[in-house]
Amino acid sequence: MSRPFPRRDLVGDSTAVAPRLLNALVSVSDTDGSVRVGRIVEVEAYRGERDPASHAYRGRTARNATMFGPPGLLYVYRSYGIHWCANVVAGVDGVAEAVLIRAVEPVAGLDRMRGDRPGIVREVDLANGPGKLCAALGVTGDDDGTDLCSPDSRIRLLRDGVAPPERPTRTTRVGITRGVEHRWRYLVPDHPCVSRGRPSGGGS
DNA sequence: CTTTGGATCGTCT
DNA sequence: GACGATCCAAAGG
């Protein structure tokens with residue numbers, strides 16, 4: 001039993017939206033009728049033009065244009081020339097706020113995920129990283145700009161009976177060199193499917 | 001277990 | 001021309 005993720009819950013600062021996305025579902029439908037579903041267990045908030053680690057820090061460009069769109073869009077970018085990474089756009093239309101999805105727990109369509117993640121043995125390693133989850137779910141740059149809150153989209157954000165954790169684990173973000181001090185990474189506590197990435201900043 | 005280096009290319013300087 | 005919001009395999013302790 002699942003319902004569309006309410007768009008109103010994506011309005012506002014990415015730091016407020018990010019923990020709300022924990023335990024939400026991402027579903028991806030393919031043309032052959034198959035569906036892959038993952039449960040979000042790790043996210044990071046990026047605060048647009050006020051955040052030196054954000055792609056939008058130096059303003060709007062062709063690449064980051066989707067980040068400036070309305071909340072509920074999917075922002076997909078290429079990482080290191082090799083991988084795809086996916087964000088949920090937050091904020092309000094015209095303001096660049098985004099939440100990077102860093103890990104999902106495989107829920108459905110596992111065979112299909114394994115097909116796109118050849119050689120992966122353990123189920124928990126299928127989508128425990130931002131590049132890995134895009135590969136496992138079949139998300140690419142073609143999906144940039146998808147409205148995650150529309151029932152007609154191939155990629156959708158859903159909420160089922162599992163609420164976000166009341167006390168999410170918080171750390172500094174992973175893989176960045178600026179804005180390292182902010183604890184804007186949120187995780188489902190003690191979940192086996194979180195990424196292996198190490199926080200960039202000091203801890204406390 | 002941890003550390004290191006290579007792959008690979010669009011984007012912005 | 002440099003540099004990533006990464007991943008993986010290989011080598012070292």
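Residue numbers start from 1 in every chain, and the chains themselves are labelled A, B, ... in the order their sequence lines are given, proteins ahead of strands.
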Touch class at under 4.0 angstrom, heavy-atom based, for A:R102 against every strand present: sugar-phosphate
Touch class at under 4.0 angstrom, heavy-atom based, for A:R117 against every strand present: sugar-phosphate
Protein-nucleotide distance (A:R63, atom CZ; B:dT13, atom P), rounded to Å: 10 Å
Quiz item: cation-pi between A:R173 and A:Y46, 6.0 Å / 45°: yes
Whole-Å gap separating P (C:dT6) and CZ (A:R185): 10 Å
For C:dA5, the Watson-Crick or wobble counterpart (both distances under 3.5 Å): none
A:Y80-B:dA7 aromatic stacking (under 5.5 Å, under 30°): no
Out of C:dA5, B:dA7, C:dC8, whichever nucleotide has its closest atom nearest the side chain of A:I82: B:dA7
C:dA5 OP1/OP2 closer than 4.0 Å to side-chain N/O of A:S79: no
Among C:dT6, C:dC8, B:dT11, the one nearest A:T61 by side-chain distance: B:dT11
Strand partner of C:dA11, provided both Watson-Crick or wobble distances fall under 3.5 Å: B:dT2
Gap between atoms CG and P, on A:D125 and C:dC8 respectively (whole Å): 8 Å
Nearest-angstrom distance from the residue atom CD1 of A:I101 to P of C:dA5: 17 Å
Sugar-phosphate only, base, or nothing, as touched by A:I176 at under 4.0 Å among non-hydrogen atoms: sugar-phosphate
Quiz item: cation-pi between A:R170 and A:W184, 6.0 Å / 45°: no
d(NE2, A:H55; P, B:dG10) in whole Å: 15 Å
Side-chain touch A:I40/A:L157, heavy atoms, less than 4.5 angstrom: yes
Separation of C:dA5 P from A:R183 CZ (nearest whole Å): 22 Å
Whole-Å distance separating the CD atom of A:E42 from the P atom of C:dT6: 10 Å
Residue A:R78, side-chain atoms from C-beta onward, closest of C:dA5, C:dC8, B:dG10: B:dG10
Flag, side chain of A:N128 to backbone of A:C193, donor-acceptor distance under 3.5 Å: no
Given DNA chain C, 5'-ward residue of the pair A:I120 and A:G175, judged by closest heavy atom: A:G175
Side chains of A:D13 and A:T15, donor plus acceptor under 3.5 Å: no
A:R58 CZ - C:dC3 P separation (whole Å): 13 Å
